[in-house]
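Notes follow once the structure below has been shown.
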Amino acid sequence: MSDNPTRPLIEMAAVSKFFGDFQALRNIDLVVHKGERIVVCGPSGSGKSTLIRCINRLEKHNEGIITIDGIELTDKVADIDAVRREVGMVFQSFNLFPHMSIIKNLMIAQQLVRKTPKKEAREIAMHYLQRVKIPEQAEKYPIQLSGGQQQRVAIARALCMKPKIILFDEPTSALDPEMINEVLDVMVDLADEGMTMICVTHEMGFARSVADRIIFMDEGEIIEQASPADFFDNPENERTSAFLDQILKH
Amino acid sequence: MDVLNGWWDDYFWGAVIVAKVFIASLSLMIIFGLLGAAAKLSDNRLAQKIGGAYTVIFRGTPEILVILLLYFGSAIALTALVQLFNPEVRFVDVPPFWAGTIAIALIVGSYATETFRGAFLGVNPGSIEAARALGMSPLQTFFYIRIPEMWRIALPPFGNHMLSLIKDTALISIIGLNETMFVAKQAITVTGKPFTMYIVVGLIYLGFSTIITLTVMGIEKYGNRTTVGAQ
């Protein structure tokens, strides 16, 4: 993968995805450049998660073309592996490996996928644990940590692979309210450092302050793409305004 | 207790054979159980059917019958095979150790098949997805994520399978393996003291099962170190 500053990191062209008869994505066109921070929002079942899960091929798209940093996603396993090495993902339910200590959670993929020597992998892991401010939890097991701490570990685990892009799939939706901010703080730091991120979230405060662009989806389609200012203050589409009215009501 | 004089070393060597059968059949039982579970979970219809037939047959027939059929069946099959090359041979004897070990491994393995299958299905799909998203291959995910997580779920029922296995070793005396039951029968014909002789066998087996239970408890405790202290 060579760095070409003008080439988009993510290009989706006319992408559709079906689950049986149900069409989850309709004709999605999306271009994301290096350093862009995208927030994806929309009602549940609108295809937000499916969209980002197609980017690292946790879901396989049925129509259209997806190209990640110049590599087209097809059935070729080598290409899928290459893309997954560059695309980190953070899940709603953290998905830490329960049988491994925190430090092992951060080391395992480095060692197996990146072939990083153990000592170096441990140093990298500690570095990112410090970044998410929980180095003292290194030897504990996931279940011994709070939800917010687990999600910060999950972010650190993704960062250890030095990805070019990080996908966040509703990273704060499973958290108790008092823990949401500690996770959002880490994400804001990442954004400030220029990480390319796509974030599915309902945290509109985060969207407004961090996103370069907000994408609104409904029924598998991208209805509207706009800067936060335009999106919140002058939504073009009725469905967007209806959605914003719903979630900003209180 | 004087009647036991002269039999202690026979019992001792009988117990050594029990231990050997247990270790050999335990290894085979794990293999049969994992293969059975893999077959039942596979997408291949034929493999599913073979896995299904395996569990139905070995869970649905008396254990002693399986041992006898396997012992005599393999002797007959082997004799026929050898006679192809050398018609002079009248009968080939199958070592009762191996016939018995394989038989009880197959029986308990059929129960372990269900245990492993359930445990594999119990692994959090999110862990597997996370491993794949980190770029780990299906094989790496299997060995580093699925097997260790599966194992923790499977361990408590697996401890029961180990106890079944140790107790089933007593059945192998029927095909002439000189383990503790066999020793007891011999001792009874000489001394005429069945109760005493069988009680010794009972104590030996209790000793074995205590060791197994304590071992499993230890491993469970180790496995559960990751779930204690939860908030």
Side-chain angles (χ1 to χ4, degrees), chain A residues 52-53 55-59 77-78 80-102 104-115 139-150 153-154 157-163 166-167 169 174 176, chain B residues 30 33-34 37 41-44 115-159 215-231:
Chain A
I52 65 168
R53 288 165 61 86
I55 293 173
N56 65 352
R57 204 147 174 111
L58 287 180
E59 302 290 353
V77 175
I80 297 172
D81 288 346
V83 165
R84 284 183 178 156
R85 278 195 293 272
E86 306 306 333
V87 181
M89 186 158 200
V90 175
F91 299 88
Q92 180 176 353
S93 46
F94 330 136
N95 294 349
L96 297 179
F97 306 129
H99 59 290
M100 292 181 193
S101 62
I102 298 305
K104 288 271 161 56
N105 261 279
L106 270 63
M107 289 165 67
I108 180 93
Q110 294 188 62
Q111 290 178 274
L112 293 177
V113 180
R114 291 261 186 235
K115 311 288 178 208
E139 302 304 329
K140 289 197 182 163
Y141 286 89
I143 197 139
Q144 297 170 298
L145 270 55
S146 72
Q149 290 174 324
Q150 287 192 50
V153 171
R157 179 173 70 177
L159 290 173
C160 282
M161 300 299 283
K162 310 240 162 81
I166 299 194
L167 310 172
D169 190 359
D176 292 333
Chain B
I30 294 173
L34 287 176
L41 290 170
S42 114
D43 293 330
N44 185 310
T115 300
F116 288 146
R117 191 182 75 94
F120 267 117
L121 293 176
V123 173
N124 174 17
S127 297
I128 297 163
E129 223 165 47
R132 305 288 291 125
L134 283 163
M136 288 164 66
S137 71
L139 208 65
Q140 289 172 336
T141 307
F142 184 78
F143 282 109
Y144 291 93
I145 310 299
R146 294 188 79 160
I147 290 271
E149 284 196 37
M150 176 286 276
W151 195 240
R152 204 172 42 168
I153 302 172
L155 197 60
F158 187 78
T215 310
V216 171
M217 273 168 61
I219 303 173
E220 267 183 58
K221 202 175 159 200
Y222 177 74
N224 286 342
R225 75 200 182 286
T226 61
T227 52
V228 292
Q231 294 182 340

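Order of the sequence lines sets the chain letters (A, B, ...), proteins ahead of strands, with each chain counted from 1.
When all heavy atoms are compared, the tightest approach of Ile30(B) to Phe116(B) is O-CE1, 3.9 Å. The shortest heavy-atom contact between Phe142(B) and Pro148(B) is O-CD, 4.4 Å. Scanning all heavy atoms of the two residues, the minimum distance from Arg157(A) to Phe94(A) falls at NH2-O, 3.6 Å.
The shortest side-chain heavy-atom distance between Gln144(A) and Ile102(A) does not fall under the 4.5 Å cut-off.
For Leu96(A), the part lying near chain B is the backbone, with the side chain staying farther off; criterion is any non-hydrogen pair under 4.5 Å. For Val87(A), the part sitting under 4.5 Å from any heavy atom of chain B is the backbone (N, CA, C, O) and nothing else. Only the side chain of Leu58(A) comes within less than 4.5 Å of a heavy atom of chain B; its backbone N, CA, C and O stay farther away.
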